[in-house]
There are 2 protein chains.
Amino acid sequence: MSTRLQHELKKKQPFEVAEQAAALGLVRTNDQLQIHFSRLFRQFGLTPSQYNVLRILRGEGAPLPILEIADRTVTVVPGITGLIDRLEAAGLVKRARCDEDRRVVYVALTSKASKLLAKLDQPVVDLHKRLMGHLSRSELNELTRLLDKVRSGLPESEP
Amino acid sequence: MSTRLQHELKKKQPFEVAEQAAALGLVRTNDQLQIHFSRLFRQFGLTPSQYNVLRILRGEGAPLPILEIADRTVTVVPGITGLIDRLEAAGLVKRARCDEDRRVVYVALTSKASKLLAKLDQPVVDLHKRLMGHLSRSELNELTRLLDKVRSGLPESEP
DNA sequence: CGATAATAGTTTATACGTAAACTAAGTGAG
DNA sequence: CTCACTTAGTTTACGTATAAACTATTATCG
């Protein structure tokens with residue numbers, strides 16, 4: 001796997017390679033991690049996106065408008081509708097129209113979702129440790145810092 | 001959100017939080033980068049997955065069996081079929097049955113694809129620099145090293 | 001040699017990401 | 001007040017990720 005990456009990098013001299021290598025490494029690493037998390041969530045009947053939405057709602061501790069949820073995930077607006085649809089069909093969230101502004105739809109966790117999240121907490125932490133545990137504390141901190149720095153300098157996404 | 005939970009989390013902080021922070025940073029950063037790359041590729045009529053397949057074929061310099069391509073992308077087997085279907089419909093690849101082993105389907109780049117890739121090379125490099133250029137060379141190298149280390153210690157994906 | 005297993009790939013079904021076009025409800029200028 | 005504008009959300013359409021079941025071909029074992 002990394003042999004291919006090395007190979008690819010060799011072809012393009014020392015100029016733009018540093019940026020490219022970092023970006024490719026990021027994509028590849030993310031892909032690998034996603035495989036493991038997808039598997040874990042699937043064992044509990046969830047997709048990564050669904051888990052993400054539930055986590056956001058739990059973190060907020062109160063119902064949120066649909067578009068606010070879409071903002072906090074990277075989910076684009078149209079995608080959020082079906083996502084919430086399926087969560088509602090699974091009995092994990094409830095929709096409720098706002099009375100003051102009838103355009104707004106609030107989404108709230110059900111107690112079923114709270115219990116499911118609670119059951120997932122330990123396995124999620126365990127998986128994080130299993131996937132990242134071979135890095136030292138200072139390496140993890142440095143990685144986090146560098147990733148933050150990458151994001152901080154990114155051009156604006158909204159056109 | 002009881003006090004007990006908060007307390008519980010605080011106690012765990014020094015331990016598994018570093019792993020979690022790094023993993024979350026990775027996912028978020030990747031999401032942000034993907035947005036920009038998707039946009040660039042779309043301007044050339046490609047999706048990120050399609051570009052990835054074309055790059056792999058160019059890197060190899062020769063036709064590859066479909067499942068070999070699937071292996072090198074993170075694409076799962078059934079997904080690769082439609083991906084190649086659409087690339088073929090767009091005139092960017094050709095399928096060819098292997099004569100020795102008639103189960104195998106080789107996929108080859110067309111000249112149209114080679115030209116398209118050539119046109120994309122500079123914009124891709126430019127985008128990499130635009131997205132990652134605010135990190136110093138040594139930061140980029142360190143980031144790449146850490147990402148490689150994450151992948152090197154990952155548990156096997158194949159069950 | 002023939003039944004059986006393994007391999008390469010496709011089909012089917014569900015979920016998600018994304019853009020474009022649409023509906024419904026609130027806002028503001030004349 | 002009313003008509004244009006904005007905002008919240010949904011529908012539609014296409015590409016992709018994934019698992020499960022299926023076809024076709026080759027390999028293997030008894």
Side-chain angles (χ1 to χ4, degrees), chain A residues 27 30-43 45-53 63-71 73-90 92-93 95-107 157-159, chain B residues 27 30-54 63-71 73-90 92-93 95-107 157-159:
Chain A
V27 171
N30 182 70
D31 283 346
Q32 303 283 332
L33 293 187
Q34 285 314 307
I35 290 173
H36 295 278
F37 279 103
S38 299
R39 247 176 232 170
L40 172 60
F41 296 142
R42 198 175 313 119
Q43 289 171 11
L46 293 176
T47 66
S49 296
Q50 291 174 351
Y51 177 74
N52 195 17
V53 169
L64 282 175
I66 281 203
L67 291 197
E68 177 65 27
I69 297 173
D71 267 357
T73 59
V74 191
T75 306
V76 147
V77 178
I80 197 71
T81 297
L83 190 45
I84 300 297
D85 283 349
R86 286 178 286 271
L87 283 172
E88 192 169 24
L92 295 171
V93 303
R95 273 185 170 94
R97 284 260 168 210
C98 172
D99 286 331
E100 296 124 42
D101 185 340
R102 299 187 39 70
R103 293 169 303 181
V104 178
V105 175
Y106 279 99
V107 178
S157 309
E158 323 309 324
Chain B
V27 172
N30 181 71
D31 283 346
Q32 304 282 333
L33 294 185
Q34 284 315 308
I35 289 173
H36 294 279
F37 279 104
S38 299
R39 249 177 229 170
L40 172 61
F41 296 141
R42 199 175 310 120
Q43 289 170 13
F44 290 78
L46 293 176
T47 65
S49 295
Q50 290 172 353
Y51 177 75
N52 194 19
V53 169
L54 298 182
L64 282 175
I66 283 204
L67 291 198
E68 177 65 27
I69 298 174
D71 268 355
T73 60
V74 191
T75 306
V76 148
V77 179
I80 196 71
T81 297
L83 189 45
I84 300 297
D85 283 349
R86 284 179 287 270
L87 283 172
E88 192 168 25
L92 295 170
V93 304
R95 274 185 170 93
R97 284 262 168 210
C98 173
D99 285 331
E100 296 124 42
D101 185 340
R102 299 186 38 71
R103 293 168 302 181
V104 177
V105 175
Y106 279 100
V107 179
S157 310
E158 323 310 323

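It should be emphasised that the depicted structure is a prediction, and the values quoted were computed from it without experimental measurement. A, B, ... follow the sequence lines: proteins, then strands. Residue 1 opens every chain.
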Task: side chain to side chain donor-acceptor pair (under 3.5 Å) partners of B:Asp101, counting only residues at least two apart - done: B:Arg103
Open item on the list: Closest-nucleotide mapping onto DNA chain C: is B:Ile66 or A:Gly82 further toward the 5' terminus? I mean the 5' end.
Closed with: B:Ile66
TODO: Check the distance between C:dG9's C1' and B:Leu83's CG and give it to me in whole angstrom.
DONE: 14 Å
- [ ] Mind checking A:Thr81 for me? I need base, sugar-phosphate or nothing, with any heavy atom below 4.0 Å counting as a touch.
- [x] base
Task: Touch class at under 4.0 angstrom, heavy-atom based, for A:Ser49 against every strand present - done: sugar-phosphate
Listing, residues 41-49 of chain B side-chain donor-acceptor contacts under 3.5 Å, not counting sequence neighbours, or none:
{"residue": "B:Thr47", "atom": "OG1", "partner": "B:Gln50", "partner atom": "N", "Å": "3.2"}

- [ ] Could you pull out all residues at least two apart from B:Tyr51 that satisfy side chain to side chain donor-acceptor pair (under 3.5 Å)?
- [x] B:Arg55
Open item on the list: Tell me which pairs pass salt bridge (Lys or Arg N to Asp or Glu O under 4.0 Å) where either residue lies in residues 74-83 of chain A, with sequence neighbours left out.
Closed with: none
Task: Heavy-atom neighbours of A:Tyr106 OH exceed 12 at 6.0 Å - done: no
Report, one line per pair, each donor and acceptor closer than 3.5 Å where one atom sits in a side chain of residues 77-89 of chain B; sequence neighbours left out.
{"residue": "B:Asp85", "atom": "OD1", "partner": "B:Arg95", "partner atom": "NH1", "Å": "2.9"}
{"residue": "B:Asp85", "atom": "OD1", "partner": "B:Arg95", "partner atom": "NH2", "Å": "2.9"}
{"residue": "B:Glu88", "atom": "OE1", "partner": "B:Arg95", "partner atom": "NH1", "Å": "2.7"}
{"residue": "B:Glu88", "atom": "OE2", "partner": "B:Arg95", "partner atom": "N", "Å": "3.3"}

Task: First of B:Gly79 and A:Val105 reached from the 5' end of DNA chain D, by closest nucleotide - done: A:Val105
- [ ] Please tell me if the side chains of B:Leu54 and B:Val93 come closer than 4.5 Å, counting only heavy atoms from C-beta onward.
- [x] yes
- [ ] Applying side chain to side chain donor-acceptor pair (under 3.5 Å), name anything that partners A:Asp71, two or more places apart in sequence or on another chain.
- [x] none
- [ ] Could you tell me the separation between the CD atom of A:Gln50 and the C1' atom of C:dA15, rounded to a whole number of Å?
- [x] 8 Å
Please produce a list of atom pairs where a protein N or O lies less than 3.5 Å from an N or O of nucleotides 22-27 of chain C.
{"residue": "C:dG26", "atom": "OP1", "partner": "A:Arg102", "partner atom": "N", "Å": "2.8"}

Open item on the list: Using the side chain to side chain donor-acceptor pair (under 3.5 Å) criterion, which residues pair with A:Ser38? Sequence neighbours excluded.
Closed with: none
- [ ] Indicate, with a heavy-atom threshold strictly under 4.0 Å, whether B:Arg42 touches base, sugar-phosphate, or nothing.
- [x] sugar-phosphate
Open item on the list: Mind checking if B:Ile80 touches a base, just sugar-phosphate, or nothing, with heavy atoms under 4.0 Å?
Closed with: nothing
Task: Whole angstrom value for the distance that separates C1' of C:dG17 from CD of B:Gln32 - done: 15 Å
Task: Integer-rounded Å distance: C:dG9 P and B:Ile84 CD1 - done: 10 Å
Task: For atom CD of B:Glu68 and atom C1' of C:dG9, their distance in whole Å - done: 15 Å
Task: Length of the line joining A:Asp85:CG and C:dC16:C1', which is rounded to integer Å - done: 13 Å
Task: DNA chain D: 5'-most and 3'-most nucleotides touching chain B, 4.0 angstrom heavy-atom criterion - done: D:dG15 to D:dT26
